[in-house]
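Read through the structure below, which is laid out as structure tokens, and then see the notes.
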Amino acid sequence: MPRKLPVLAAAVLTAGALGVGVLPATAGEPHPPGTGSGTADTGTRTPVPEIAPGMLKSVSKDLGITMADARLRLVNEQRAVAVEKKLRKKLGSDFGGAWVTGATSKLVVATTDSGDSAAIKAEGAQSKVVRHSLTELERAKSALDSSALRRSPRGTSLWGVDVRSNSVFVRAGETASAKDFLTRSGASASLVQVTQSAEKPRTYDEDLRGGDAYYTNGTTGCSIGFPVTKGSTEGFVTAGHCGKAGSKTTGRNRAAQGTVQGAAFPDDDYAWVAVNDDWRAKPYVKGPGAANLTVAGSTQMPSGSSVCRSGATSGWRCGTVEQHDVTVTYEQGTVRGLTRTSVCAEPGDSGGPFLSGDQAQGTTSGGSGDCSTGGTTYFQPVTEPLAEYGLTLSTD
């Protein structure tokens, strides 16, 4: 349920947008010497994009690690992307997934064949032999998705592939109903772990640089995700539940802003807004202390990686990526292909950007909990709306 204006003091937890918007063309936070590269696990110098001091401080604080470990963590996560891609191709049908672990994000690559261990270690990664390939797990998860489309599962909030446990996880308030759901899907029970959970995912609708607030039809507040362009048209991506195609938007200053060009929700949760000539798409996300953090690309980071998000309500928060390709059931319907994180969020943060290093990851969809007691948040990978609508991410 979106929050309506005028804003009242009494607050009801409603589906809302996390605020992230396009920053004006101001200079980003300066980077001290040496933040553009670091030493990876293997002891080799690995060039990486510059790391903003604000990002280092946030990762260090929110993950409870030292600044040195935070810097090394980000370096290793950048390196892990290329190594994972190479080993995924080399291992073929044996590939069981990959993730990073520990304070400094050491890469672990799973395989169903112990004979692959030497090749994995040769790339500087740790090898883990598992029973099921990633393809097997993805097929089981797909069976659950197909079953949910035919009949929405009662009492089951989310499911997805967890490469670290080499299983498909199902979280449900009613485990008996979840097991019925599993049986209907035809997925092998040997691949699936059903866990009772109090998680009740909801969308975050409330209150343009990534992280700034915007409003749909003058009342519904959400957050800008990432600035984009389509030819000569400028705009931004955000959450699909924040407004339907054709809806008019205003900016954080209540000035006329643009029009929602396309929106998908449920099933997916993304949208894009084309703005008028008064607004500009800049490659910025609102970081800690309202500093501009620059976006350089949209490479997806592996499970276990540190990730931070910006939102109009709860600001800049960090955590880790838990699982990719998770299916979540909200009251409004089921959404597939989300990423689950340990980052907290609150109503008003929907649509806001998730950033790992300088790589755009996605836009906030919903979650459970809050930033006082802790929570779980899901994001829609940003590459989907970019491909669907033919958009280009604004980068530096």
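Residues take their numbers from the sequence shown, with the count starting at 1.
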So, Glu199 side chain and Ser368 main chain: donor-acceptor pair closer than 3.5 Å or not?
no
My understanding is that only one of Thr216, Thr249, Asp278 makes a side-chain hydrogen bond (donor to acceptor under 3.5 Å, both in side chains) with Gln257; could you say which?
Thr249
Does Ser147 offer a backbone N or O that forms a donor-acceptor pair with the side chain of Ser185 under 3.5 Å?
no
Arg184 vs Asp180, test: salt bridge (charged side-chain N to carboxylate O under 4.0 Å, His left out). Steps then yes/no.
CA-CA 6 Å; Arg184 290 198 308 272; Asp180 288 342; 5.6 Å; no
Using a 4.5 Å side-chain heavy-atom cut-off and chaining through intermediate ILVMFWY residues, the residues clustered with Met301 come out as Val81
Test applied, side chain to side chain contact (heavy atoms under 4.5 Å, CB included); reference residue, Ser105; option that passes from Arg73, Gln78, Arg79
Arg73
Exactly one of Tyr330, Phe265, Tyr270 should register a ring pair (Phe, Tyr, Trp, His ring centres under 6.0 Å) with His241. Which one does?
Phe265
Strictly distance-based, threshold 3.5 Å: is any side-chain N or O of Ser60 a donor or acceptor partner for the main-chain N or O of Ile65?
yes
When you measure from the side chain of Asn217 to the backbone N and O of Lys248, does any donor-acceptor pair fall under 3.5 Å?
yes
Side-chain heavy atoms of Thr313 within contact of Pro347, under 4.5 Å:
no
Looking at Gly54, is its backbone amide N or carbonyl O close enough to the side chain of Ser58 to form a donor-acceptor pair, meaning the two atoms are under 3.5 Å apart?
yes
Donor-acceptor contact present, side-chain Ser142 to main-chain Glu138, <3.5 Å:
no
Looking at the rings of Trp159 and Phe181, which for Trp means the six-membered one, are their centres under 6.0 Å apart?
yes
Atom OG1 of Thr341 and atom CD of Gln323: how far apart are they, to the nearest 0.5 Å?
10.0 Å
Under a 3.5 Å threshold, yes or no: a donor from one side chain and an acceptor from the other, between Ser133 and Thr135?
no
Taking Gln359 for its side chain and Thr299 for its backbone only, find out whether a donor-acceptor pair lies under 3.5 Å.
yes
Under the 4.5 Å side-chain heavy-atom rule for ILVMFWY, direct or indirect, which residues accompany Leu149?
none
Under the side-chain hydrogen bond (donor to acceptor under 3.5 Å, both in side chains) rule, what do Ser197 and Thr195 come out as? Steps first, then yes or no, please.
CA-CA 6 Å; Ser197 172; Thr195 305; over 6 Å; no
Assign the ring pair Tyr214 / Phe236 to parallel, tilted or perpendicular, where the plane angle (0 to 90°) is split at 30° and 60°.
perpendicular
Ignoring hydrogens and geometry beyond distance, is a side-chain donor-acceptor pair present between Gln261 and Thr259 at under 3.5 Å?
no
Under a single-linkage definition using a 4.5 Å side-chain heavy-atom cutoff for Ile, Leu, Val, Met, Phe, Trp and Tyr, are Leu191 and Val130 assigned to the same hydrophobic cluster?
no
